[in-house]
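Below is one structure, written out as structure tokens, with a few remarks after it.
Letters A, B, ... are given to chains in the order of the sequence lines, protein chains preceding strands, and every chain is numbered from 1. No hydrogens, no waters, no symmetry mates; every other heavy atom, side chains included, goes into these values.
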2 protein chains.
Amino acid sequence: MSRTDAPRARSGAPTSRGTATARRIESSAVALVLQHGYDATTVDMICADAGISQRTFFNHFATKDAAVIGTDVPRLDESRVRAFIAASGPNLLADAAELIALPGLDGAMDPQLMRLRMRAISSSAELMQRQLERFASIEAELAEVIEYRLARLSTPDESAAEVREQSRLTAHLLAGILRYSADALMSGDSASVPAIVAQTRDRLTALLPKLAGR
Amino acid sequence: MSRTDAPRARSGAPTSRGTATARRIESSAVALVLQHGYDATTVDMICADAGISQRTFFNHFATKDAAVIGTDVPRLDESRVRAFIAASGPNLLADAAELIALPGLDGAMDPQLMRLRMRAISSSAELMQRQLERFASIEAELAEVIEYRLARLSTPDESAAEVREQSRLTAHLLAGILRYSADALMSGDSASVPAIVAQTRDRLTALLPKLAGR
DNA sequence: AATCCAGTATGCAGTGACTGCAGTTTGGCT
DNA sequence: AGCCAAACTGCAGTCACTGCATACTGGATT
């Protein structure tokens with residue numbers, strides 16, 4: 001019934017990452033969306049362009065938008081997580097922002113398709129929305145990691161439950177930062193991901209003291 | 001084509017707020033979702049329960065989820081906006097969080113339906129998501145208001161453009177706070193809206209110094 | 001009282017995303 | 001050659017949603 005949370009596919013639950021067919025579908029989808037816009041691009045059009053049947057399309061991608069934005073989910077970079085927990089720099093938020101390993105940055109994907117995909121996503125408010133929703137998927141995990149750092153900063157009068165809530169709140173703040181970065185990345189003309197991340201970090205460092213009062 | 005951004009309806013663009021039919025549809029929708037879950041509740045079921053045709057349903061609500069979560073959008077409370085701009089308290093974020101006038105709190109709605117609606121929304125991840133998306137609709141407005149306050153706190157080396165970007169970043173942070181509050185409100189068993197807002201404010205006040213370092 | 005009109009409700013046919021099922025092709029392996 | 005699992009396909013069906021053309025309603029106008 002729901003269109004967005006459909007189960008993967010049926011039997012093999014193909015990861016889509018890697019199979020030639022999935023790649024063809026993805027590049028057709030991105031190209032057509034860039035050409036006609038997301039709403040005007042039907043699944044049938046993508047199938048025709050990729051030379052496959054509609055059923056095959058849905059064997060690879062659970063939804064139409066998955067074919068455009070990709071199936072990889074942002075993850076926490078384990079090695080960085082350990083470093084983050086051990087560290088104790090003053091700027092927890094900025095540190096945490098670097099925990100997230102954006103998919104597609106690990107070089108496993110064609111950078112050309114990557115660039116087109118980003119343009120396609122930013123051309124549609126709906127796709128952008130879906131893209132941002134993905135950040136929410138790691139928020140719980142993020143809150144847990146943050147809790148380790150935050151526990152060391154807690155005052156004696158704060159219960160463990162309170163620290164946990166503060167961690168969850170921090171994770172939500174972080175999601176806001178990520179949304180801001182994604183926004184800047186997509187709407188800005190050029191600018192690489194590392195550049196945007198660094199810029200946001202600086203901006204945040206300047207901003208936080210103003211928000212926290214003195 | 002898109003399911004989520006459909007234009008209101010055709011001629012009169014009914015506000016849905018107030019008409020008896022719209023109210024019947026809303027309460028049928030909420031009741032059925034509570035009973036069967038969102039995905040298992042079809043538009044036809046709601047129509048049958050409310051005693052209207054499907055076409056009439058879509059004359060009142062642009063989408064199925066609109067009938068459950070309501071059509072009112074959060075707005076900035078104008079009188080509070082003026083107070084916010086004039087004030088200069090140390091806790092800008094917490095101040096800003098009170099700018100938002102949540103719909104349904106102005107007493108114009110049946111509190112009983114309000115409570116059922118909240119339970120219905122929190123019973124489905126998809127609905128919750130849609131609900132949270134609405135906060136994004138006022139982010140631009142919010143950033144503009146924040147800019148007034150932030151401009152007074154800027155250092156000489158910061159350009160107007162930089163202040164604007166910091167304001168946008170702040171608006172995104174605020175959206176995170178709102179999401180956290182909404183989450184707490186929905187998942188918590190009881191707790192009134194003002195109580196949650198106050199609690200979040202306190203929590204934020206305790207948290208911010210930790211995040212900004214000293 | 002007859003007329004008119006705007007607002008609202010409806011039936012119907014169509015589009016587009018998505019699913020389940022049942023059957024076929026394909027390529028590697030024995 | 002024969003076999004098997006993975007991948008592909010057609011098809012029929014469900015559900016959200018739209019456009020259009022057509023009623024029904026109650027009150028304001030003449």
Side-chain angles (χ1 to χ4, degrees), chain A residues 1-26 28-29 32-33 36-69 71 124 126-127 129-130, chain B residues 1-26 28-29 32-33 36-69 71 124 126-127 129-130:
Chain A
M1 315 282 182
S2 163
R3 295 210 155 57
T4 51
D5 53 9
R8 183 116 288 351
R10 78 193 145 134
S11 57
T15 53
S16 104
R17 177 80 168 232
T19 94
T21 304
R23 276 184 207 280
R24 275 224 315 287
I25 296 175
E26 280 181 336
S28 290
L32 287 172
V33 166
H36 303 109
Y38 181 66
D39 284 356
T41 303
T42 70
V43 171
D44 282 338
M45 287 165 66
I46 299 171
C47 295
D49 192 84
I52 48 137
S53 73
Q54 203 200 53
R55 201 64 192 77
T56 298
F57 176 97
F58 285 110
N59 281 344
H60 284 275
F61 299 95
T63 59
K64 172 178 147 184
D65 50 69
V68 185
I69 68 184
T71 52
S124 149
E126 200 175 337
L127 285 177
Q129 186 64 44
R130 294 289 160 85
Chain B
M1 316 273 181
S2 164
R3 294 213 155 57
T4 51
D5 54 8
R8 183 120 289 346
R10 72 190 152 135
S11 56
T15 53
S16 105
R17 176 78 167 240
T19 96
T21 304
R23 276 184 206 280
R24 276 224 316 288
I25 296 174
E26 280 181 337
S28 289
L32 287 172
V33 166
H36 304 110
Y38 181 66
D39 284 356
T41 303
T42 70
V43 171
D44 282 339
M45 288 164 66
I46 299 171
C47 294
D49 192 83
I52 48 135
S53 74
Q54 202 200 55
R55 200 63 193 76
T56 298
F57 177 97
F58 284 111
N59 281 344
H60 284 275
F61 299 94
T63 59
K64 172 179 151 186
D65 51 69
V68 185
I69 67 183
T71 53
S124 149
E126 200 175 335
L127 286 177
Q129 186 63 45
R130 293 288 159 86

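What separates NZ of K64(B) from C1' of dA17(C) is a distance of 14 Å, to the nearest Å. In this structure, the CZ atom of R55(A) is 12 Å from the P atom of dC8(D), given to the nearest Å. Per the geometry, CZ belonging to R24(A) stands 12 Å off C1' belonging to dC8(D), to the nearest Å. Computed from coordinates, the D44(A) CG to dG10(D) P distance equals 11 Å when rounded to whole Å. The CG atom of D65(A) sits 17 Å away from the P atom of dG16(C) (whole-angstrom rounding). Atom P of nucleotide dA17(C) and atom CG of D39(A) are separated by 10 Å, given to the nearest angstrom. For I52(B) and dC17(D), the CD1 to P distance is 14 Å, given to the nearest whole Å. Regarding I25(B), its CD1 atom lies at a distance of 9 Å from the P atom of dT10(C), rounded to whole Å.
Residue T56(A) places no side-chain N or O under 4.0 Å from the OP1 or OP2 atom of dA7(D). Within the structure, a side-chain polar atom (N or O) of H60(B) is placed less than 4.0 Å from OP1 or OP2 of dA9(C). Remark: S53(B) is in phosphate contact with dT10(C), judged by side-chain N or O atoms under 4.0 Å from OP1 or OP2. Put simply, T42(A) has no side-chain N or O that comes within less than 4.0 Å of OP1 or OP2 on dG16(C). Of the side-chain N and O atoms in T21(A), one or more sit less than 4.0 angstrom from OP1 or OP2 of dC8(D).
The shortest side-chain heavy-atom distance between V43(B) and Q54(B) falls under the 4.5 Å cut-off. L127(B) is listed as a side-chain neighbour of V33(B), based on a closest heavy-atom distance under 4.5 Å. Within the 4.5 Å cutoff, no side-chain heavy atoms of T71(B) are placed close to those of H60(B). Using a 4.5 Å heavy-atom threshold, the side chains of R130(B) and T63(B) count as separate.
Here the side chain of T63(B) is nearest to one of dA17(C), dC17(D), dC8(D), namely dC17(D).
For the residue pair C47(A) and S53(A), the shortest heavy atom distance occurs at SG-O, 3.8 Å.
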